[in-house]
2 protein chains.
Amino acid sequence: MAVTIYDVARHAGVSPRTVSNVVNEYAFVSATTRERVKRSIDTLGYLPNLTARNLRRGRTGMVALVLPEPLHIPYFSELSAFVLDEVAKRSYTAVIEQTDGEPERERALLSANDRGRLFDGFIFSPLGLNSKEIASLAVKAPVVLLGERVSSGPFDHVAIDNVSAAKCAVGHLVALGRRRIAAIGHQPYETGETARLRTQGYRETLEAAGLAYDKRLVVSTPLFHRDNGAEAMARLLALAKPPDAVFCYNDLLAVGALRTLLRAGVRVPEDVAVVGFDDIEEGRYLTPALTTISPDKQAIASLAVKQLFKRLDGDAGRPVDFEVPFRLAVRESTQGGSEACEGPPPRPKAGRP
Amino acid sequence: MAVTIYDVARHAGVSPRTVSNVVNEYAFVSATTRERVKRSIDTLGYLPNLTARNLRRGRTGMVALVLPEPLHIPYFSELSAFVLDEVAKRSYTAVIEQTDGEPERERALLSANDRGRLFDGFIFSPLGLNSKEIASLAVKAPVVLLGERVSSGPFDHVAIDNVSAAKCAVGHLVALGRRRIAAIGHQPYETGETARLRTQGYRETLEAAGLAYDKRLVVSTPLFHRDNGAEAMARLLALAKPPDAVFCYNDLLAVGALRTLLRAGVRVPEDVAVVGFDDIEEGRYLTPALTTISPDKQAIASLAVKQLFKRLDGDAGRPVDFEVPFRLAVRESTQGGSEACEGPPPRPKAGRP
DNA sequence: TCGGTAGTGTACATCGATGCAAGGATCGAT
DNA sequence: ATCGATCCTTGCATCGATGTACACTACCGA
């Protein structure tokens with residue numbers, strides 16, 4: 001039915017191998033032959049069967065982008081758009097897998113128990129599995145981790161410096177003269193490494209500024225969604241002494257917090273300033289527009305994909321950690337002038353010992 | 001390296017063919033053999049090589065979800081999440097392709113000039129190609145179209161009734177007593193079928209209510225993004241007689257419009273009521289929360305995927321049109337009581353003549 | 001004249017699974 | 001004892017491409 005390499009070979013009067021050589025741009029094919037074959041290919045409308053090619057080459061031609069949340073979470077959809085593009089540039093196919101943070105699903109995907117070694121490599125944003133579990137998985141394909149560092153695990157890793165970023169955000173609030181600065185999004189769970197780092201940055205900044213660390217101002221949330229933010233903010237407003245600023249661990253929490261504030265008639269930023277994290281597009285169109293930590297998502301995508309393909313091409317060097325640049329995007333929800341605090345330069349950080 | 005069917009066969013002392021029979025749950029395998037093979041499979045950790053299987057079966061095991069906009073557009077990311085799940089349920093892999101509405105890219109994907117018949121089927125949300133062009137493509141794989149109907153083309157089709165939905169939205173504004181109702185999102189372009197239908201519903205509702213159709217209140221936008229909405233709203237506010245309500249052709253436009261209104265100190269809904277279209281999560285957390293037409297996205301995804309798989313399973317019946325249910329979600333941006341107007345029941349509409 | 005090598009093209013095996021068709025085994029019926 | 005039918009298992013070919021190894025032609029320098 002479909003045109004195969006044999007059909008082309010017959011039509012051009014050469015062997016299938018020669019057709020293959022032309023298709024793959026093997027150097028030693030005479031100009032004449034090459035032209036003849038190319039004409040046959042065009043005439044017949046031949047397209048290589050990628051399944052066959054991949055079987056022969058021992059690859060699947062696909063990499064998975066494993067996400068801990070459904071695609072409708074803006075941070076991940078924005079990131080995914082970049083990753084898809086980067087992968088497509090390399091004539092590979094990227095498949096998005098949604099784990100919903102379920103450890104079982106993450107395990108299954110990575111250890112390829114799921115669809116049967118369907119992927120040549122993984123870009124993995126873990127949630128359900130903690131560092132040790134991930135490191136202990138016997139994964140055969142290259143994996144690049146996104147997000148929190150798996151300490152000295154066998155994987156490459158791309159992440160923002162969460163402590164610095166949190167310091168940047170909270171420092172901004174301090175500089176604006178805020179004194180009761182709350183935090184929304186702490187996670188006392190096993191997998192909440194991101195949250196822990198951000199809380200650390202928050203705490204250190206307060207202490208450096210001579211502000212007391214008040215437990216009641218740190219609200220834990222099970223997830224990082226809008227409704228969690230709304231609920232957390234409600235709890236903060238109910239305090240005897242409510243905060244005059246909030247640092248939300250992501251923009252969705254901030255969206256929810258803002259909603260609660262505005263519904264309660266609290267003025268933002270006059271009464272309460274709000275800072276988010278992620279810089280999703282949604283935040284720029286809020287009223288007031290959201291001040292937020294803006295990680296370079298394009299950089300995350302391109303560093304991760306680039307590193308993954310290095311591994312696919314056989315690079316067997318030590319695992320590498322990349323630190324992704326970020327900046328504070330100051331907008332109306334804090335309104336201060338334009339504080340500058342930026343992350344590191346856009347390049348690799350260091351190989352690990 | 002990887003465990004193959006031969007390894008299992010040797011280990012279990014049977015032929016590869018028998019292993020295959022067990023894996024594929026062929027009926028006539030003795031309980032004893034089946035058990036033995038299964039044990040070997042577990043012991044060795046065998047996983048079928050899907051590439052090989054697909055080659056043999058003449059399939060790729062993949063379907064493409066072809067989107068006209070990047071994934072970070074909320075409507076599409078929400079829809080994609082559903083589609084991915086539906087496809088995964090069927091042990092197939094869904095791949096998201098972003099065309100950015102480029103006709104060339106759409107053409108290439110569908111006519112499989114791109115990656116070489118990589119997909120067994122397509123769920124295609126067209127933008128760059130118009131009805132005729134799509135219909136004229138010589139696509140071999142089954143295609144289910146999302147969005148505007150390709151009149152009597154050879155494809156199955158899932159869409160909302162845009163005219164009714166627009167009527168529902170505008171009718172709601174009329175019922176609230178609004179008299180100068182604007183529309184944002186008209187598209188005089190060749191591919192703007194969605195927009196045209198919505199404008200039609202808008203216009204018919206006005207006329208039915210005895211309100212004049214005023215060209216100046218209908219603002220065209222090149223795209224359906226937030227900034228287009230913001231800009232369009234600014235233009236409307238600059239009119240000598242600004243509107244007292246706006247019907248936006250999607251929620252992103254409404255987000256932008258709302259932003260402009262709030263920045264200008266216009267009260268919503270008191271001075272201007274706003275209705276959107278799509279019911280993205282973002283709208284529910286706006287202040288004021290966005291009234292919007294809520295299409296059943298889960299239904300879109302499941303109808304489209306179900307129909308696609310019918311085709312993959314060999315159903316060669318006439319092309320079918322599905323009409324997707326919708327409802328008006330009344331929220332703060334119009335604030336009226338709870339108008340009810342719903343779309344059709346959730347089932348197939350009709351086969352075409 | 002002969003060996004060497006660079007340039008072209010081909011034959012055959014192979015990647016890992018499944019379709020096909022036929023070979024045995026078992027059992028009941030005649 | 002023989003025949004069929006049913007149940008179970010297998011050998012071989014095949015899906016469409018590419019890796020390997022080798023054959024053949026020119027042309028080079030010795």
Side-chain angles (χ1 to χ4, degrees), chain A residues 1-38 40-41 44-62 91 93 112 115-120 140 314, chain B residues 1-38 40-41 44-62 91 93 112 115-120 140 314:
Chain A
M1 199 189 68
V3 181
T4 76
I5 205 169
Y6 296 94
D7 301 324
V8 177
R10 203 173 317 120
H11 185 272
V14 297
S15 76
R17 182 68 249 210
T18 296
V19 177
S20 173
N21 284 338
V22 170
V23 171
N24 292 286
E25 298 183 309
Y26 179 64
F28 301 130
V29 178
S30 69
T32 341
T33 309
R34 186 189 311 280
E35 276 321 302
R36 188 147 37 95
V37 171
K38 279 193 174 163
S40 296
I41 287 177
L44 301 180
Y46 167 75
L47 292 169
N49 179 319
L50 294 190
T51 308
R53 172 180 290 174
N54 287 332
L55 173 59
R56 184 64 251 230
R57 289 191 178 159
R59 300 182 158 211
T60 66
M62 298 200 285
S91 309
T93 301
R115 309 270 193 86
R117 14 185 218 315
L118 192 50
F119 302 110
D120 293 336
K140 291 138 218 155
Chain B
M1 202 190 65
V3 182
T4 77
I5 206 168
Y6 296 94
D7 301 324
V8 178
R10 201 172 319 122
H11 186 273
V14 298
S15 76
R17 183 67 250 210
T18 296
V19 178
S20 173
N21 285 338
V22 171
V23 170
N24 291 286
E25 298 183 310
Y26 179 65
F28 300 131
V29 178
S30 70
T32 342
T33 309
R34 186 189 311 280
E35 276 320 303
R36 190 146 37 93
V37 171
K38 279 193 174 165
S40 296
I41 287 176
L44 301 179
Y46 166 75
L47 292 168
N49 180 320
L50 295 189
T51 308
R53 172 180 291 173
N54 288 332
L55 173 59
R56 184 65 250 232
R57 288 191 179 159
R59 302 181 158 208
T60 66
M62 298 201 284
S91 308
T93 302
R115 309 271 193 86
R117 22 183 212 316
L118 192 50
F119 302 111
D120 294 335
K140 291 136 217 157

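Here the structure is a predicted model, which is why all the values come from computation and not from measurement. Proteins get letters first, then strands, A, B, ... in listed order; numbering begins at 1 in each.
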**Asked** So how far off straight is the helix from C/dT1-D/dA30 to C/dT30-D/dA1, going by the axes through five pairs at either end, to 10°?
**Response** 60°
Can you tell me how far [atom2] of [N] sits from [atom1] of [X], to the nearest Å?
| X | N | atom1 | atom2 | answer |
| --- | --- | --- | --- | --- |
| B/Arg34 | D/dC7 | CZ | P | 13 Å |
| B/Leu50 | C/dC15 | CG | P | 18 Å |
| B/Glu25 | C/dT18 | CD | C1' | 16 Å |
| A/Asn21 | D/dA17 | CG | C1' | 12 Å |
| A/Arg59 | D/dA17 | CZ | C1' | 15 Å |
| B/Tyr26 | D/dT10 | OH | P | 13 Å |
| A/Arg56 | C/dA13 | CZ | P | 13 Å |
| A/Ile5 | D/dT18 | CD1 | C1' | 8 Å |

**Asked** Which nucleotide in the list D/dC15, C/dT18, D/dT10 gets nearest to the side chain of B/Arg53?
**Response** C/dT18
**Prompt:** Which nucleotide, D/dG16, D/dT9, C/dT8, lies nearest any side-chain atom of B/Leu55?
**Reply:**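 So the nucleotide nearest the side chain must be D/dG16.
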Using OP1 and OP2 only, check whether a side-chain N or O of [X] sits under 4.0 Å from [N].
| X | N | answer |
| --- | --- | --- |
| A/Ser20 | D/dT18 | yes |
| B/Thr33 | D/dT9 | yes |
| A/Tyr46 | D/dA17 | yes |
| A/Thr51 | D/dC15 | no |
| A/Asn54 | C/dC15 | no |

**Item:** Pairs touching residues 45-59 of chain B that satisfy salt bridge (charged side-chain N to carboxylate O under 4.0 Å, His left out), sequence neighbours left out
**Value:**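 For residues 45-59 of chain B, and leaving out neighbouring residues, there are no salt bridge (charged side-chain N to carboxylate O under 4.0 Å, His left out) pairs at all.
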**Item:** Partner residues of A/Asn21 under the side-chain contact (heavy atoms from CB on, under 4.5 Å) criterion, sequence neighbours left out
**Value:**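 By the side-chain contact (heavy atoms from CB on, under 4.5 Å) rule, A/Asn21 matches A/Arg17, A/Tyr26, A/Val29.
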**Message:** Checking A/Arg10 now: which residues fulfil salt bridge (Lys or Arg N to Asp or Glu O under 4.0 Å) with it, not counting sequence neighbours?
**Reply:**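 A/Arg10 satisfies salt bridge (Lys or Arg N to Asp or Glu O under 4.0 Å) with A/Asp7 only.
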For the residue pair [X] and [Y], what are the closest heavy atoms and their distance?
| X | Y | result |
| --- | --- | --- |
| A/Arg34 | A/Ala27 | NH2-O, 3.4 Å |
| A/Ser15 | A/Ala9 | C-CB, 3.7 Å |
| B/Thr93 | A/Leu118 | OG1-CD2, 3.5 Å |
| A/Ile5 | A/Tyr46 | N-CE1, 3.5 Å |

**Prompt:** Taking atom CZ of B/Arg36 and atom NE2 of B/His11, what is their separation to the nearest 0.5 Å?
**Reply:**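 Nearest 0.5 Å value for the CZ-NE2 distance: 11.0 Å.
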**Message:** Distance check, rounded to the nearest 0.5 Å: A/Phe119 atom CZ versus B/Leu50 atom CG?
**Reply:** 9.5 Å
All N/O pairs under 3.5 Å across the protein-nucleotides 3-7 of chain C interface:
none

**Request:** Give, ordered by number, those residues of residues 9-19 of chain B having at least one heavy-atom distance below 4.0 Å to an atom of DNA chain C; if nothing qualifies, reply none.
**Result:**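 Going residue by residue through residues 9-19 of chain B, the ones with a heavy atom under 4.0 Å of DNA chain C turn out to be B/Arg17.
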**Request:** Look at the side chain of A/Thr51 and the backbone N and O of B/Leu55, then say whether any donor-acceptor pair between them is shorter than 3.5 Å.
**Result:** no
**Intermediate values then yes/no, side-chain contact (heavy atoms from CB on, under 4.5 Å), A/Thr60 and A/Asn54** = CA-CA 5 Å; A/Thr60 66; A/Asn54 287 332; 5.5 Å; no
**side-chain contact (heavy atoms from CB on, under 4.5 Å) between A/Asn49 and A/Thr4, worked out** = CA-CA 8 Å; A/Asn49 179 319; A/Thr4 76; over 6 Å; no
**Message:** Can you say whether a donor on the side chain of B/Arg57 sits under 3.5 Å from an acceptor on the base of C/dT18, or the other way round?
**Reply:**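 Such a pair does not exist between side chain and base.
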